[in-house]
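Scroll down for the structure; my scribbles are underneath it.
So that the names make sense, note that chain A is the first sequence line, chain B the second, and so on, each numbered from 1. For clarity, every value in this text was computed on a predicted model and none was experimentally measured.
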Amino acid sequence: MEIFLTNTLTKKKERFKPLNPDRVGIYTCGLTVYNYAHIGNLRAYVFSDILKRMFLYNDYAVKHVMNITDVGHLTSDDDEGEDKLEAGARREGKSVWEIVDFYTDAFLKDMEALNIIRPDIVCRATEHIDDMIEMISRIEANGYTYIAGGNVYFDTSKIDDYGKLSGLKRNEESARSRVEADPYKKNPFDFVLWFTRYKYESHAMQWDSPWGRGFPGWHIECSAMSSKYLGERFDIHTGGIDHVPIHHTNEIAQSEAAFGHDWVNYWLHNEFLIIGNNEKMSKSLGNFIRLQSLVDQGYNPLDYRYYLLGAHYRKQLAFSIEAMDAARNAMKRVRAKINEMKANEPGKFDSTAFEKMNNDFRNAVNDDLNTPKALAVLWKVLDSDTLSNETKLSLTKEFDRVLGLDLLAEEPQEIPREVITMAEERLEARRARNWKKADTLREKIAEQGYEIMDKKDGYEIRRS
RNA sequence: GGCGACGUAGCCAAGGGGUCAAAGGCGGAGGUCUGCAAAAUCUCUAUUCGAGGGUUCAAAUCCCUCCGUCGCCUCCA
């Protein structure tokens, strides 16, 4: 079965060819843990999860690595810049290490709530300082660095194809906004591999290195850790589209400088989630919505996942509560249909129909993760009146391996005793054709947050 | 200033030269069911794809112009 993915490196949808047959290595740029993840951040991880699940569904063995950026990085490049983690620590009166642990934990919990399969390896930058130092040494030995003002810089002028990922042109216009940044840089695009010159005396996170006590530049962690776990060549690197021009561009430059050969075959980037009034959701703008905020508003985290799957990962998506409502209602109906299928006669399993529908689904997800189309196939199955329940259930289960919406989950509903009592009372009233009393009881049950649906000679209650 | 993306029904959103008189979901309208509801179910809900040109036997899909929206170029998913 062929798989097509849009590769940022070539800007084309390409047929995926793994480095090793039936195996794929994926590296995902994780979160900088100085604050909670917002729902925009989370889009990136739902995306990489779908990617991984798609490969698993196609019978690949997947090794998925994700980093946690827990080394502080600067909020801006000028002298006002301050370290994000230090800022977070000061804000909350905690140590940077406490901050890091707290938000890492919160992040992993959000991922779990979204039914994201935990990456095989979740690696923290602070636990791989030695690997970074070793890699910087390699880059240095290969002649791609210089030291200025106490910092080790990567010399981008030594790379012919620097910026190949973003189609960057190294002219003055492109560099315009960076010129004033750092007087020690030889070229505007150069970046720091190792800092010993601090902006803040109090910088809490520091380590010894051949270049002096300090801390690593941002980009090196991903190069060092991905290669450590996936090898010096690997298949796929994912991340948000914002990483294309700087972070991933620099990762490529330093990695290829260190290894002396091409590094990653496929670069996949997800587009942003945009907040209502056409603004990027960002931590620094302070306009972020957490997954927990949605839960507080009565949405299930998987409603949000469904919402995301309704749009292609490479398209900007404008968040709105209306769209969340649509997703929640859709999920509710899907669940209701599945419960009904489970409750009714299974019927005969139709392997021909199964193969046909499964193929449609596979074609959708294998085509650059077309989840909107995949969901359309799901609905076609659910609404089919030719497929048996057994076939539908099997298909749903199969689809959910990729969708990850936990569609087959049993939701044991505990109905409070008093609600059941009222329902029984109402049943009696209805038998006695006392409609007034029956209606009053229905209202009372609704007030308790349950809805009652009449059946032939009984009722069904569920949480509304 | 440089780079990139997008504009499809009330809303969200696939499609990306003919099989499209354009998937799917949400919402809405009507019918069936019901004591009435709810749930379920059926039917309907874009002769048209931002606007205007062009290429073609054929365009939502390719090209040009314009209008509008958004992202990146500072840390960011």
[atom1] atoms of [N] and [M], separation to the nearest Å:
| N | M | atom1 | result |
| --- | --- | --- | --- |
| B:C49 | B:G31 | P | 33 Å |
| B:U65 | B:G28 | P | 44 Å |
| B:A29 | B:G16 | P | 34 Å |
| B:A51 | B:G10 | P | 13 Å |
| B:G7 | B:U43 | P | 30 Å |
| B:A77 | B:U41 | P | 41 Å |

Please tell me which of the listed nucleotides, [options], lies nearest to the side chain of [X]?
| X | options | result |
| --- | --- | --- |
| A:Pro372 | B:A23, B:C12, B:A39 | B:A23 |
| A:Ile274 | B:C36, B:A14, B:G71 | B:G71 |
| A:Leu31 | B:A40, B:A77, B:G4 | B:A77 |
| A:Asp439 | B:G4, B:A77, B:C36 | B:C36 |
| A:Lys315 | B:C6, B:A77, B:C36 | B:C6 |
| A:Asn270 | B:A77, B:G25, B:G27 | B:A77 |

Measure the distance from [atom1] on [X] to [atom2] on [N] and round it to the nearest whole Å.
| X | N | atom1 | atom2 | answer |
| --- | --- | --- | --- | --- |
| A:Ile26 | B:A77 | CD1 | P | 19 Å |
| A:Leu317 | B:G71 | CG | C1' | 14 Å |
| A:Lys13 | B:A14 | NZ | P | 12 Å |
| A:Glu443 | B:A38 | CD | P | 14 Å |

With a distance cut-off below 6.0 Å to the six-membered ring centre and an angular limit of 45° from the axis, does A:Arg362 pair with A:Tyr57 as a cation-pi contact?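 Yes, A:Arg362 lies over the aromatic ring of A:Tyr57.
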
Could you tell me whether the phosphate oxygens of B:A77, OP1 or OP2, come under 4.0 Å of any side-chain nitrogen or oxygen in A:Thr28?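 False: A:Thr28 side-chain N/O out of range (4.0 Å or more) of B:A77 OP1/OP2.
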
Ignoring backbone atoms, establish whether A:Asn329 has a side-chain N or O less than 4.0 Å from OP1 or OP2 of B:G27.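 Affirmative; the distance criterion is met.
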
Base partner of [N], which must satisfy Watson-Crick or wobble distances under 3.5 Å:
| N | answer |
| --- | --- |
| B:G52 | B:C64 |
| B:C75 | none |
| B:G4 | B:C70 |
| B:C26 | B:G10 |

Heavy-atom side-chain contact between A:Leu378 and A:Leu407 under 4.5 Å: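 SC-SC contact between A:Leu378 and A:Leu407 confirmed.
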
A:Arg124 vs A:Met225 side-chain heavy atoms within contact, under 4.5 Å: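 Side-chain contact under 4.5 Å: no.
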
If you look at every strand shown and take non-hydrogen atoms under 4.0 Å, does [X] touch a base, only sugar-phosphate, or nothing?
| X | answer |
| --- | --- |
| A:Gln316 | base |
| A:His243 | sugar-phosphate |
| A:Arg314 | nothing |
| A:Ala44 | sugar-phosphate |
| A:Phe47 | nothing |

Closest-nucleotide 5' rank along RNA chain B - winner of A:Leu42 and A:Asp325: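 Between the two, 5'-proximity favours A:Asp325.
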
Residue mapping more 5' on RNA chain B - nearest nucleotide basis, A:Arg430 or A:Lys380: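 It is A:Lys380, whose closest nucleotide lies nearer the 5' terminus.
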
Counting only heavy atoms and a strict 4.0 angstrom limit, can you tell me which residues of residues 299-312 of chain A come near RNA chain B?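 When residues 299-312 of chain A is checked for heavy atoms under 4.0 Å from RNA chain B, the hits, listed by number, are A:Tyr306, A:Gly310, A:Ala311, A:His312.
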
Nearest non-hydrogen partners of A:Asn358 and A:Leu395, listed with the distance: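 Answer, listing the atom of A:Asn358 first, then A:Leu395: N-CD2, 3.8 Å.
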
B:G35 pyrimidine/purine six-ring stacking with A:Trp435, under 5.5 Å and 30°: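 According to the criterion (under 5.5 Å, under 30°), yes, A:Trp435 stacks.
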
With a 3.5 Å cut-off and just heavy-atom distances, do the side chain of [X] and the base of [N] make a donor-acceptor pair?
| X | N | value |
| --- | --- | --- |
| A:Asn370 | B:G15 | no |
| A:Asp454 | B:C36 | yes |
| A:Arg442 | B:A37 | yes |

Between A:Asp400 and A:Leu405, is there a donor-acceptor pair closer than 3.5 Å when you use the side chain of the first and the backbone of the second?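 Yes; at least one donor-acceptor contact below 3.5 Å.
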
Carboxylate-amine/guanidinium proximity below 4.0 Å for [X] and [Y]:
| X | Y | result |
| --- | --- | --- |
| A:Asp454 | A:Arg426 | yes |
| A:Arg314 | A:Glu271 | no |
| A:Arg431 | A:Glu428 | yes |

Qualifying residue for side chain to side chain donor-acceptor pair (under 3.5 Å) with A:Tyr162, from A:Thr156, A:Asn187, A:Thr249, A:Asn250: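 Exactly one candidate clears the test, A:Asn250.
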
Between A:Phe234 and A:Trp263, is a ring-ring contact (aromatic ring centres under 6.0 Å, His included) present by the stated rule, with each step listed? CA-CA 7 Å; A:Phe234 62 93; A:Trp263 181 44; 5.5 Å; yes

Please confirm whether the ring centroid of A:His219 lies under 6.0 Å from the ring centroid of A:His248.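 No - the distance between ring centres of A:His219 and A:His248 does not fall below the 6.0 Å cut-off.
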
Residues in side chain to side chain donor-acceptor pair (under 3.5 Å) contact with A:Arg401, at least two apart in sequence or another chain: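 A:Arg401 satisfies side chain to side chain donor-acceptor pair (under 3.5 Å) with A:Glu398 once adjacent residues are dropped.
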
Could I get a table of every N or O pair under 3.5 Å where one atom is in the protein and the other is in nucleotides 41-46 of chain B?
| unit_1 | atom_1 | unit_2 | atom_2 | d |
| --- | --- | --- | --- | --- |
| B:U41 | OP1 | A:Lys337 | NZ | 2.4 |

